[in-house]
Colleague: 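Quick one: the structure is below, and I'll ask about it shortly.
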Amino acid sequence: MRLRSELIIFFLIISVVPLSAVVYISYEYSKLAIRESVMSNLLGATDNTGNVIDNWMDTRKDDIRVISQSRVSLTTEKENFKEFLGTFEREHRGVYREFYTLDLDGNIIFSNIYRTGNERTENYFIEASKGKISVSDVYKSNTTDAPEIIITNPVRKNGEIVGVFAARISLENLYRIIEQIDIGKSGEVFIVNQKGDIIFHENQSLILLNNINNNFAVREVTYEKNGINEYVSYKGENVLGSYYWLPLYRWGLIAEKNIDEAYAGALILGRVMVEISILAVMGVIFLALVVSSNITRPVKSLEEGALGMLSGNFKAIPVSSGNEIGRLTEIFNSTASELLDIRKKLEMKIDVANKDLEIKNKELTAANEELKKLDELKSDFLSLVSHELKTPLSSMKISAEYLESDANIVPADRKEILQIILRNIDRQTRLINDILDLSKIEAGKTELKLDIIGIRKIADASFENIKQVALKKDISIIIDVPDNLSPVMADMEKLIIVVNNLFENALKFTPAGGSIILSAKEDADGIEVNMKDTGIGIEKEKLEKIFDKFYQVDSSSRRKTGGCGLGLSISSGIIRAHGSIIQVESEPGKGSTFSFKLKKG
Ligand code: ADP
């Protein structure tokens with residue numbers, strides 16, 4: 001899992017879990033508090049209303065008691081009594097429907113609405129005639145269909161009960177008071193008698209027609225209890241119901257509220273809590289995102305830097321903060337640049353080592369080539385020796401056999417044959433000397449007999465050696481060596497070998513009619529000697545090789561021109577022993593110039 005996701009999950013766990021717990025607990029507490037407050041409000045309202053009913057009823061009873069004791073005469077109910085009752089009725093606005101008096105036989109002897117009749121069987125009459133103020137059960141008026149009660153009180157004269165005063169009282173006013181209990185839109189408030197009959201309800205059609213004694217509150221109240229509880233109403237709804245027992249009239253006042261409506265506050269609170277929780281969780285997620293991205297950004301930069309380092313593209317990571325991560329970034333940057341330095345140095349060392357290896361490899365290849373060349377030289381040498389030594393030997397053998405076989409050979413022929421033999425011996429001697437000279441030179445064993453000598457002397461000596469051949473070949477020789485040249489420090493014999501050689505080669509490779517110039521000139525460094533001919537010249541790519549042993553540009557030239565490819569090797573060896581080199585410039589068809597420089601003596 002990526003660091004960022006881990007951080008977000010971590011933040012969520014450490015914040016959301018306790019947050020949810022706090023929200024849940026405070027919700028539960030608040031719900032409880034709301035419930036308690038709803039309950040106590042309802043209970044309070046019911047209690048108050050119960051008291052109001054008591055008061056209202058007490059007032060009615062007091063009214064009846066006072067009137068019956070002070071005004072009623074029973075025998076002669078005067079017009080002014082009727083008037084008084086009319087005024088009293090009006091003052092109490094529709095509370096009193098009728099006032100009447102009964103004799104002890106239950107006959108109505110006076111009624112302000114002129115009603116007649118006998119009520120001796122009625123409980124309220126019996127009770128009152130025995131001396132007790134009495135309240136009847138609730139009944140519905142025959143005329144108005146409204147619930148009514150009758151309150152009766154004994155009428156006394158000189159301390160003796162002489163009759164009963166009764167008042168028919170409409171309960172509508174009382175109901176108006178009851179209706180003020182706040183029971184919400186769907187709630188109900190009603191009064192039941194002890195049998196469980198509804199004696200008050202907003203819906204008049206239920207009054208005295210509906211018995212609901214299976215209702216929890218009704219059961220409780222008819223057991224004369226007060227209280228509040230949650231239960232299923234007679235309608236089958238979940239309600240919060242408060243019940244209040246009015247002992248004097250044996251009535252139960254019940255106020256029921258729909259539970260959902262009652263606890264709507266708690267539901268709203270719950271919803272608000274959930275909304276707050278969601279907002280808080282979103283806030284936490286946002287914070288987690290911000291914090292985690294602040295933490296992971298530098299870590300990610302470090303990761304990218306490390307990857308860059310692996311691929312060799314390291315750029316210093318910007319240090320964004322002064323905290324531990326910032327410090328880590330600084331350390332990473334300096335470590336990375338040190339590592340890159342080391343890497344560069346190593347690369348340079350490897351480069352140098354590679355170049356060394358290349359050079360060594362080239363040297364090895366060159367040495368190998370050299371070895372191959374030496375091998376070839378060895379076989380060349382063997383074939384040369386077999387050819388160069390064998391050929392003159394066989395010619396000498398033939399010549400000698402001829403001399404031996406015939407004693408009569410004329411002296412002239414004999415002389416010629418002997419000259420052939422001698423020429424071959426000379427040739428072989430020269431070859432063997434050349435090989436010996438070369439091997440000495442190569443072994444570094446040539447001992448120079450250094451002397452101060454003039455180049456002119458050497459040029460003259462060499463010219464003497466070759467002038468006959470030049471004449472024969474019709475090649476003009478020019479010696480351009482000034483007399484006043486400074487002398488050089490050299491081995492005279494060896495230098496003559498070199499100049500001879502260069503002369504011989506020039507003669508060999510210059511056709512008849514050509515010319516050879518031997519010149520020398522002096523400068524501050526020494527004396528430079530040049531042998532220039534107008535001969536066949538040498539191709540550029542072969543120039544280097546002509547100083548190799550046994551090398552001849554045209555190998556068939558051996559037969560035509562003599563020589564065995566050792567002259568230039570020997571000459572360059574001698575000049576090298578003098579601390580210089582032979583150089584050559586040549587152009588095929590135009591001629592060649594060999595030159596070397598000697599130090600002044
Ligand atoms: P050699 O003359 O015995 O063959 P060298 O070592 O003296 O051997 O010369 C080697 C070769 O260099 C010759 O065989 C010839 O091909 C070439 N060479 C030397 N001097 C000249 C020259 N002056 N002009 C043209 N070719 C030359």
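Atoms within a ligand are numbered from 1 in the order they appear, just like the ligands themselves.
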Colleague: Using a strict threshold of under 4.0 Å (side-chain N to carboxylate O), is an ion pair present between Lys397 and Glu404?
Modeller: no

Colleague: Taking N or O atoms only and a 3.5 Å limit, does Gln552 qualify as a polar contact for ligand 1?
Modeller: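 Yes.
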
Colleague: Show the atoms of ligand 1 that are less than 4.0 angstrom away from any heavy atom in Tyr551.
Modeller: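 In order of number, 10 (C), 11 (C).
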
Colleague: Mind checking whether Gly537 has an N or O less than 3.5 Å away from an N or O of ligand 1?
Modeller: no

Colleague: Considering only heavy atoms of Ile538, which atoms of ligand 1 have at least one such atom less than 4.0 Å away?
Modeller: 25 (C), 26 (N), 27 (C)

Colleague: Using a strict 4.0 Å cut-off to heavy atoms of Lys508, name the atoms of ligand 1 that fall inside it.
Modeller: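 Those of ligand 1 that fall under 4.0 Å from Lys508 are 1 (P), 2 (O), 3 (O).
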
Colleague: Purely on distance, is any nitrogen or oxygen of Asp533 under 3.5 Å from one on ligand 1?
Modeller: yes

Colleague: Out of Gly567, Ser572, Gly565, who is nearest to atom 3 (O) of ligand 1 when you count heavy atoms only?
Modeller: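 Selected option, by shortest heavy-atom distance: Gly565.
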
Colleague: Within the 4.0 Å heavy-atom shell around Ser592, which atoms of ligand 1 are there?
Modeller: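 Checking each atom against Ser592, I get 24 (N).
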
Colleague: Decide, yes or no, whether a salt bridge links Asp548 with Lys373 under the criterion of side-chain N to carboxylate O below 4.0 Å.
Modeller: yes

Colleague: Please determine if Arg327 and Glu330 form a salt bridge, counting it only when a charged side-chain N lies under 4.0 Å from a carboxylate O.
Modeller: yes

Colleague: I need the full list of side-chain hydrogen bond (donor to acceptor under 3.5 Å, both in side chains) pairs touching residues 270-283, with sequence neighbours left out, sorted by first then second residue.
Modeller: none

Colleague: Look at atom 6 (O) of ligand 1 and find which of Leu568, Ile516, Ile546 reaches it with the closest heavy atom.
Modeller: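 Going through Leu568, Ile516, Ile546 one by one, Leu568 has the nearest heavy atom to atom 6 (O) of ligand 1.
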
Colleague: Has Phe547 got any heavy atom lying under 4.0 angstrom from an atom of ligand 1?
Modeller: no

Colleague: Quick one: are Leu403 and Leu418 in side-chain contact, heavy atoms under 4.5 Å?
Modeller: yes

Colleague: Checking side-chain polar atoms at under 3.5 Å, does Ser486 have a donor or acceptor matched by the opposite partner on Glu522?
Modeller: yes

Colleague: Using a strict threshold of under 4.0 Å (side-chain N to carboxylate O), is an ion pair present between Arg456 and Asp460?
Modeller: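 A salt bridge links Asp460 with Arg456.
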
